[in-house]
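The block underneath contains the structure these notes are about, expressed in structure tokens.
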Number of protein chains: 2
Amino acid sequence: MTGKATWTAVPSTDPAEACPIAPVVDIVFSRWTTPILWTLNMHGRQRFVELERRITAITPKVLTQRLRQLERDGMILRTYYPEVPPRVEYEITELGRTLGPLFANLADWATTNLPKVDAARHDYDADPAR
Amino acid sequence: MTGKATWTAVPSTDPAEACPIAPVVDIVFSRWTTPILWTLNMHGRQRFVELERRITAITPKVLTQRLRQLERDGMILRTYYPEVPPRVEYEITELGRTLGPLFANLADWATTNLPKVDAARHDYDADPAR
DNA sequence: CGGTATCCCTAGGGATACTG
DNA sequence: CAGTATCCCTAGGGATACCG
């Protein structure tokens with residue numbers, strides 16, 4: 001991101017206004033980060049290819065981008081082994097692991113409430129008055 | 001968008017692969033939805049303009065889009081009063097309210113861990129080896 | 001293996017009107 | 001007030017190819 005601030009130095013649109021959890025959302029729930037964190041949390045230390053294989057449909061470019069970002073945010077740790085062929089392993093950090101309970105809660109919420117969301121959608125779509 | 005459905009069983013790229021909370025993330029943590037839900041949860045029943053004013057920088061178009069989506073998902077309820085001038089009030093549903101504890105957890109996490117994220121970023125950026 | 005380097009492309013917003 | 005209607009625009013991915 002060598003961006004050339006088009007029109008402002010201040011963060012442009014700011015969803016964080018009056019919403020204290022917006023920064024967390026950016027870090028943890030932006031595109032692809034949740035699957036990555038989840039996978040690392042569930043299956044432990046893994047190599048690049050393993051992540052690639054588990055997180056279907058992500059391209060290496062994007063996987064690298066997200067991994068770097070998560071590394072910078074202190075959520076994951078990258079370890080490089082200068083062997084031949086090279087080996088790199090990713091693992092979740094202690095900080096990243098603090099998300100565990102949160103993820104568990106989310107999973108619970110999903111189990112009990114996703115069906116309700118589906119029902120709500122069905123109802124909404126079935127209403128002819130729309 | 002007056003449309004109904006347009007569902008398509010997500011033929012596109014699917015981050016949900018092997019990540020059970022991905023659907024929740026789509027519903028609750030996609031752009032602008034968190035601030036909307038948060039605001040509605042904190043300040044209760046509100047009119048369109050109030051939301052507009054509290055969630056700085058959101059445009060009416062996008063606010064409408066997200067509100068409709070959240071309504072369809074059963075997270076919020078829209079009530080229309082055919083007065084002059086017209087009045088519309090939005091409130092969080094019971095289903096939406098079940099997110100309360102989750103949001104609280106997230107806020108807690110933010111309080112104790114966002115500083116660590118900042119520190120990690122600083123460290124990462126300070127390392128000349130990059 | 002573990003990534004870069006390019007090119008490309010479109011959906012999702014933003015800005016700016018306008019209306020019932 | 002509570003939205004629509006347009007137009008526009010770019011950042012964020014995807015696809016593909018290549019490298020140490």
Side-chain angles (χ1 to χ4, degrees), chain A residues 1-8 10-17 22 26 29-36 40 45-71 76-91 130, chain B residues 1-3 6-8 10-15 17 22 26 29-36 40 45-72 76-91 130:
Chain A
M1 203 211 347
T2 329
K4 37 185 171 187
T6 328
W7 53 279
T8 178
V10 182
S12 47
T13 58
D14 184 12
E17 206 66 20
D26 277 353
F29 301 111
S30 54
R31 193 166 170 76
W32 293 116
T33 57
T34 316
I36 293 173
L40 247 18
R45 202 164 225 260
Q46 284 162 85
R47 312 178 58 163
F48 190 86
V49 195
E50 299 181 88
L51 288 169
E52 229 179 337
R53 277 196 274 259
R54 282 207 167 94
I55 304 167
T56 317
I58 195 171
T59 60
K61 188 187 89 175
V62 176
L63 179 55
T64 304
Q65 286 175 345
R66 302 280 76 113
L67 286 171
R68 291 288 186 281
Q69 175 193 315
L70 288 169
E71 190 194 0
I76 67 174
L77 182 66
R78 175 182 184 270
T79 313
Y80 175 75
Y81 300 89
E83 310 168 353
V84 215
R87 181 162 54 103
V88 172
E89 289 185 354
Y90 292 91
E91 63 188 307
R130 282 186 239 281
Chain B
M1 219 261 273
T2 331
T6 316
W7 217 79
T8 68
V10 190
S12 53
T13 57
D14 184 11
E17 207 66 20
D26 277 353
F29 301 109
S30 54
R31 194 164 170 78
W32 293 114
T33 57
T34 316
I36 292 173
L40 247 17
R45 200 165 226 261
Q46 284 162 84
R47 313 179 57 164
F48 190 87
V49 194
E50 300 181 87
L51 288 169
E52 229 180 336
R53 278 196 274 258
R54 283 207 167 93
I55 305 166
T56 316
I58 194 172
T59 61
K61 187 186 88 174
V62 176
L63 179 55
T64 304
Q65 287 175 344
R66 301 280 78 112
L67 286 171
R68 290 290 186 281
Q69 175 193 317
L70 288 169
E71 190 193 359
R72 182 171 113 100
I76 68 174
L77 182 66
R78 175 182 184 270
T79 313
Y80 175 75
Y81 300 90
E83 308 168 353
V84 216
R87 181 162 54 103
V88 173
E89 288 186 354
Y90 292 92
E91 64 188 307
R130 282 185 241 279

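All values below come from the heavy atoms of this structure, side chains included, with hydrogens, waters and symmetry mates left out. Here is the naming used below: chain letters follow the sequence lines, and residue numbers restart at 1 for every chain.
A donor-acceptor contact under 3.5 Å links the side chain of B/Lys61 to the base of C/dG14.
With sequence neighbours left out, B/Arg53 forms a salt bridge (Lys or Arg N to Asp or Glu O under 4.0 Å) with no residue at all.
By the 4.5 Å heavy-atom criterion applied to side chains, B/Arg45 and B/Thr79 are counted as neighbours.
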Watson-Crick and G-U pairing of DNA chain D written in dot-bracket, each distance under 3.5 angstrom, with | for inter-strand partners
||||||||||||||||||||

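The residue among A/Ile58 and B/Leu67 whose nearest nucleotide of DNA chain D lies closer to the 5′ end is B/Leu67.
In the set C/dG13, D/dA2, D/dG13, D/dG13 carries the atom at the smallest distance from any side-chain atom of A/Arg66. The side chain of B/Val88 approaches D/dA2 more closely than any other nucleotide in the set C/dG3, D/dC1, D/dA2. The side chain of B/Trp32 lies closest to C/dG14 when the candidates are C/dG2, D/dT4, C/dG14. The side chain of A/Arg47 sits closest to C/dG2 out of D/dT4, C/dG2, D/dG14. Listed candidates were D/dT4, D/dG13, C/dG3. Nearest to the side chain of A/Arg31 is D/dG13.
At a threshold of 4.0 angstrom between heavy atoms, the contacts of B/Tyr81 with the nucleic acid are absent.
At least one side-chain nitrogen or oxygen of A/Arg68 sits closer than 4.0 Å to the OP1 or OP2 atom of C/dG3.
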